[in-house]
Amino acid sequence: MTALELSCGLPPGPDFADLAVLAEELDYDRVWIFDSAPLWEDPFVHLALAAQRTTRIGLSTAVLVPEQRSVMAMATAIATIARLAPGRFRACFGTGFTARVSVGQRPLTLRALGDQVRAVRALLAGEPVTIGDAPVRMLHADGLALNRPIDVPLWLSAFGPRGAELADQIADGIIGPVHPTLPSAMIMSGTVLDPGEEPTSARVREAIGPWRVVDWHNAFATGGTAAVDAMPGGRRWRTELAALGPANERHLSVFEGHVTHLTDRDRPLLDHIDVKTMVGDAARVERQLKRMAAAGFREIVYTPTGPDIARELRSFAAARPG
């Protein structure tokens, strides 16, 4: 069994570089940064800041959303971080579910995702690609960017069989279920309990709540009224959402605070969230991580939330399998 890499995932914001420094001190293998323009600041800016303040820890994106940037802008941004953090950067792409639904658009198709990843890979290799009707390539002069080819691993976030098939064709790794041939990572939320603390404590619910209430957000976004009403507390949550404005504006509110903060209408859902998965004392969390490794995962991306992110990073690092 390959040793499990333990990484962390964080939103791009004022504390990102400081937390990346802490993650490096705690011996996390990599820090992944989120990407959703309606919700957070620009990830490449914060990756650049983190690259300048760290020396060892890997840097990655979870996940870049095609069409938030042009193909050329994406390739150039990736090339920039590759220069600032030599050998430490990995770019992972996805269809942009939250980033696109929160601006009233459908997630990208797998075909569109594949087209952009192929184009970015070609540009980084120094090859021309056709955008619109014209061939383009990276024209950066010597000294203004790394010389091509620029070797950066490109990963996909893909959870279904068609996504896994696409990853097999174009990616160097995958976030999602264990892939038969590619290194596989999984994003997990959780918290390590204080001595004597119960998993149902208020601190635990606040610490893991921002990730765990996403189940209700996604149910409404994908299945509508019937789907979310079938969940515990879903009808009340959906009724409060509906009172905020007309139906054509509800996408503006569904993902408020997504994976970082709890809104007032989200907070009652804390009575119904999962408080077992990756929640326990250090020994219990270590056992759960070992089971993930035994199942074939190469990397776990721990996504701390709540009022004390530094506390979460420190306690979870202590549960790393030896």
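Computed over heavy atoms, backbone and side chain alike; hydrogens, waters and symmetry mates excluded.
One N or O on the side chain of Arg100 and one on the backbone of Arg106 form a donor-acceptor pair closer than 3.5 Å. A distance-only check finds no donor-acceptor pair linking the side chain of Arg236 to the backbone of Asp229 [under 3.5 Å]. No donor-acceptor pair under 3.5 Å is formed between the side chain of Glu286 and the backbone N or O of Ala283. Using modelled atom types, one side-chain atom of Ser184 and one backbone atom of His179 make a donor-acceptor pair closer than 3.5 Å. Remark: the backbone N or O of Met278 is paired with a side-chain donor or acceptor of Gln288 at under 3.5 angstrom. With Thr305 contributing its side chain and Val259 its backbone, the two residues share no donor-acceptor pair below 3.5 Å. Arg148 places a side-chain N or O within 3.5 Å of a backbone atom of Leu146 that can act as its donor or acceptor partner. Looking only at distances, no side-chain donor or acceptor of Tyr28 sits under 3.5 Å from a matching main-chain atom of Ile57. Thr109 places a side-chain N or O within donor-acceptor distance of the main-chain N or O of Ala112, the cut-off being under 3.5 Å. When atom types are taken as modelled, the side chain of Arg88 and the backbone of Thr54 share a donor-acceptor pair closer than 3.5 angstrom.
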Practice task
Could you walk me through whether Asn218 and Phe255 pass the side-chain contact (heavy atoms from CB on, under 4.5 Å) test, one step at a time?
Solution key: CA-CA 9 Å; Asn218 289 344; Phe255 292 103; 3.5 Å; yes

Problem - Criterion side-chain contact (heavy atoms from CB on, under 4.5 Å) on Leu193 and Arg284, from CA distance to verdict - result: CA-CA 10 Å; Leu193 300 178; Arg284 173 182 168 83; over 6 Å; no

Practice task
Check the pair Leu64, Ile78 against side-chain contact (heavy atoms from CB on, under 4.5 Å), reporting the backbone distance first and the verdict last.
Solution key: CA-CA 10 Å; Leu64 295 173; Ile78 290 170; 4.2 Å; yes

Practice task
Evaluate the salt bridge (Lys or Arg N to Asp or Glu O under 4.0 Å) criterion for residues Glu24 and Arg30: first the C-alpha distance (whole Å), next the side-chain angles of each, then the deciding distance (0.1 Å), finally the verdict.
Solution key: CA-CA 8 Å; Glu24 183 169 76; Arg30 188 170 291 102; over 6 Å; no

Practice task
Might you work through the side-chain contact (heavy atoms from CB on, under 4.5 Å) test for Cys8 and Leu313, ending with a clear yes or no?
Solution key: CA-CA 8 Å; Cys8 58; Leu313 286 172; 3.8 Å; yes

Handout entry: Derivation of the side-chain hydrogen bond (donor to acceptor under 3.5 Å, both in side chains) call for Trp211 and Thr303
Key = CA-CA 8 Å; Trp211 267 98; Thr303 53; 3.2 Å; yes

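Using the six-membered ring where Trp is involved, His217 and Trp237 have ring planes that are parallel, under 30° apart on the 30 and 60° scheme.
By the 4.0 Å N-to-carboxylate-O rule, Asp29 lies too far from Arg56 to be salt-bridged with it. The residues Arg287 and Asp281 are annotated as not salt-bridged, no charged nitrogen and carboxylate oxygen being separated by less than 4.0 angstrom. Residues Glu198 and Arg203 are not paired through a salt bridge, judged by the lack of any N-O separation under 4.0 Å between the basic side chain and the carboxylate. Contact check on Glu25 versus Arg53 returns no salt bridge, with no Lys/Arg side-chain nitrogen under 4.0 Å from an Asp/Glu carboxylate oxygen. Using a cutoff of 4.0 Å between basic side-chain nitrogens and carboxylate oxygens, Arg121 and Glu127 are not scored as salt-bridged.
In plain terms, the two heavy atoms of Leu113 and Pro66 that are nearest each other are CD1-CG, 3.7 Å. When all heavy atoms of Ile170 and Gly114 are compared, the pair lying nearest together is CD1-CA, 3.8 Å. The two residues Asp35 and Val65 have their closest heavy-atom pair at OD2-N, 3.3 Å. Nearest heavy-atom pair, Trp32 versus Ser7, reported as atom, atom and distance to 0.1 Å: NE1-CB, 3.6 Å. Shown here for Gly9 and Pro304, the closest heavy-atom pair between the two residues is O-CD, 3.6 Å. Across Pro199 and Val279, no two heavy atoms sit closer than the pair CB-CG1, 4.0 Å.
A donor-acceptor pair shorter than 3.5 Å can be found between the side chains of Arg212 and Ser189. For Arg311 and Thr191, the side-chain atoms include at least one donor-acceptor pair closer than 3.5 Å. There is no side-chain donor-acceptor pair under 3.5 Å between Thr263 and His261.
Looking at Leu262 and Leu270, their side chains come closer than 4.5 Å, going by heavy atoms from C-beta outward. Using a 4.5 Å cut-off on side-chain heavy atoms (C-beta onward), Val254 and Leu241 make contact. Looking only at side-chain heavy atoms (C-beta outward), Pro43 and Phe16 stay at 4.5 Å or farther from each other. Counting heavy atoms from C-beta outward, Met292 and Met188 have side chains that approach closer than 4.5 Å. Under the 4.5 Å side-chain criterion, counting only non-hydrogen atoms from C-beta, Glu197 is in contact with Val204. No side-chain heavy atom of Leu4 sits less than 4.5 Å from a side-chain heavy atom of Glu299. No side-chain heavy atom of His46 sits under 4.5 Å from any side-chain heavy atom of Asp42.
Connection of Val63 to Ile174 is not established within any shared hydrophobic cluster, with ILVMFWY side chains joined at heavy-atom distances below 4.5 Å, either directly or through further cluster members. The cluster map of Ile, Leu, Val, Met, Phe, Trp and Tyr, joined by side-chain heavy atoms under 4.5 Å apart, puts Leu39 and Leu244 in different clusters. Taken together through direct or relayed side-chain contacts under 4.5 Å among Ile, Leu, Val, Met, Phe, Trp and Tyr, Leu182 and Val117 form parts of separate hydrophobic clusters. When hydrophobic clusters are built by joining Ile, Leu, Val, Met, Phe, Trp and Tyr residues whose side-chain heavy atoms come closer than 4.5 Å, directly or via intermediates, Leu154 is grouped together with Val129.
Heavy-atom contacts from other residues, nucleotides or ligands closer than 6.0 Å to CG of Asp264 number 12 or fewer. Residue Glu165 qualifies as open at atom CD: its count of foreign heavy atoms under 6.0 Å is 12 or below. Remark: Arg235 CZ is loosely packed, at most 12 non-hydrogen atoms of other residues, nucleotides or ligands lying under 6.0 Å away.
Applying the ring-ring contact (aromatic ring centres under 6.0 Å, His included) criterion to Phe34, with sequence neighbours excluded, gives Trp40.
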